[in-house]
Amino acid sequence: MDIFYISVSATGRLLSGFRKWYYNAAGFNKLGLMRDDTMYEDDDVKEALKRLPEPVYNDRMFRIKRALDLSMKQQILPKDQWTKYEEDGNYLTPYVKEVICEKKEKAEWNKK
Amino acid sequence: LRAFLTTPYETHEGWLLAVTLFHGTYYISKVETEAARRNRDNRTERHAEMIYWGYKFEQYMCAGKYKERGRRKGAWELVSHWLTVFFECSMSTIFMDLCNALLSFIKKDDYRCANACYFFITKLPNGLVIASLENYSPSSKIGVFVRAGSRYENVGNLGVTHILRLAANLTTKGASAFRITRGVEAVGGGLSVTSTKENMVYSVECMRDYVDTVMEYLINVTTAPEFRHWEVADLTPRIKVDKALAFQDPQLGVLENLHTAAYKSALCNTLHCPDYMVGKITSEQLHAFVQSNFTSARMALVGLGIDHAVLKQVGEHFLNIRSGQGAAGAKAVYRGGEVREQNADSLVHAAVVAEGAAAGSAEANAFAVLQHVLGAGPYIKRGTNVTSKLSQGVAKVTTQPFDVTAFNASYSDAGLFGFYTISQAGAAGDVIQAAMAQIKEIAQGGVTAADVTRAKNQLKARYLMSMESSNGLLDEIGAQALATGTCVQPKSAAQTIDSLSANDVVNAAKKFVAGKKSMAARGNLGNTPFVDEL
């Protein structure tokens, strides 16, 4: 999902329609999750999670808990509570990018 | 240069130049040729004598004053060499030296020797004071002095200056924390922060050539810190370690308590973060403090071993982002209280003070001289403190080990004067009462002219010696620049001290005796009197 988003730079109307369809087809919005909630938690992401402001982090925890609960009960949310494509914000990606940037800077210095 | 230019006329010796490329600069030196060496070896005694005469003539012609062995400097070296080009072809060295001497004699005014120091101080229209001392040292030291000490904290953010001290290396808008640390290390420099009750000092030191690099980091740290909340949160263990290290020394605790006891506001704020605030200072509070206190009108940029023009440019371009006076600090109101810390130590540390003189006031020097009359620290290790009146007075009442010194602190609008004693728990009462009695004696006129002269000399010596190190010098220049916008020459400071009379000292002692006392004590306080019993 991430790779697909990053590789698209110019958004024509056709392409944006396709992206919206793909988002809904992926299905995590039916559990009330946002895209960044589904990011695989490797070391960089873990570090970025530590840097989230507290309200944002609490919201994320709530969404994940709700999704776990629903998946245990094999249910999905009613349609009006699904996360909409327009509302989905990348709250975590900037932090992850910064963590990766810092790691690169350290590696550069250590090479010298 | 001369060898190069005389080539068309050079017939007998020839020349050989060695060129080295080192760190981007070409170094050229002359190497003696075979012919020249032979000439030098075969020089007749008469020839050598003539050469000597020539040099001596030149030297005496160039001397500035009678009996001074002057050396001509600067551009005239070059001009004299140019002229020797035209005489090189046939004349002996005597003639050359005569010409050199003649030229130098014509213009012998340029005798500024290379180890003079140049001190400049400018005040920009936005209030920033820039001071620099060019001492031609191979290392430079730059400091940014800000009027943002712990007295400018308020009840809601006690301890913010402590966090700021520790946050000096956190990420800024121009460089990440990692880069600041590694960047400063890479050029062999150092970044340090000191703060007092009145000022905060951010200083960098490095070799002269790398001043630009460390200056960039310094400007970043003082003007554009980001205080990322996760980095600030990571400081909490460092605060605890810092406090633990600092309070190993009981004196620090006593002095902090003394200020808490003596003042109602401003100066009663401690230098270290109170325990209940550790971990509670937020990034927003840090930003707010910096915004309201780190303004141009409250800053001074001081440099040692750096050109004034460079420093001025830095000050004008980078340090004027926040203008205005910032938040006015509270006035320090003296209350005269007491803080007693009972613990199981066998040594009692006690400090008794009354109101003293503010820095820069007429009485400040009188209190400083009184401090040295009474005894301001041992001058010989493990000695008997013969010159200290306090020590002599206390030695009469107890045979157990003790230490007593006079305490004098001057702030911008207030001061404290008194004494500090360290004694065995059983003898504490006697020691403190004896010290008080000693000062009372001086207040009644019990000080001789010899005592006052000795104290003046000790004070002057201490002041001048404190400025011998580059750290002390930077601190002194910065504190003065920040407080008054000008710098007092050491000579005139010494003269001001000399102009005091014994009467001033007696008046200072009277003020102490009459003033309301504050006290801080720590240890096993069973035998220690309360402040109202003194």
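Here is the naming used below: chain letters follow the sequence lines, and residue numbers restart at 1 for every chain.
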Residues of residues 139-165 of chain B near chain A, each having a heavy atom less than 4.5 Å away: none

All side-chain contact (heavy atoms from CB on, under 4.5 Å) counterparts of A/Leu14, not counting sequence neighbours: none

Residues that A/Lys97 engages under side-chain contact (heavy atoms from CB on, under 4.5 Å), provided they are two or more places apart: A/Thr93

salt_bridge(A/Lys50, B/Glu231) N-O dist < 4.0 Å: no

A/Glu86, CD atom: more than 12 neighbouring heavy atoms under 6.0 Å: yes

Minimal non-hydrogen separation, A/Leu52 against B/His229, with atom names: O-CE1, 3.8 Å

Partner residues of A/Asn29 under the side chain to side chain donor-acceptor pair (under 3.5 Å) criterion, sequence neighbours left out: A/Asn24

Interatomic spacing from CZ in B/Phe178 to NZ in A/Lys103 - rounded to 0.5 Å: 13.0 Å

B/Lys312, NZ: over 12 other non-hydrogen atoms inside 6.0 angstrom: no

side-chain contact (heavy atoms from CB on, under 4.5 Å) between A/Glu98 and B/Arg228, intermediate numbers included: CA-CA 13 Å; A/Glu98 215 181 281; B/Arg228 296 183 172 177; 2.6 Å; yes

side-chain contact (heavy atoms from CB on, under 4.5 Å) between A/Glu102 and B/Thr171, intermediate numbers included: CA-CA 11 Å; A/Glu102 283 176 14; B/Thr171 306; 5.5 Å; no

Over 12 non-hydrogen atoms of neighbours within 6.0 angstrom of NZ in B/Lys173: yes

Interface moiety of B/Ala233 toward chain A, non-hydrogen atoms closer than 4.5 Å: neither

Over all atoms of both residues, closest heavy-atom pair of B/Arg179 and A/Trp109: CD-NE1, 4.4 Å

B/Tyr26, OH: over 12 other non-hydrogen atoms inside 6.0 angstrom: no

More than 12 heavy atoms from other groups under 6.0 Å of OH on A/Tyr57: no

Heavy atoms from other residues, nucleotides or ligands near CG of A/Asn110 exceed 12 (cutoff 6.0 Å): yes

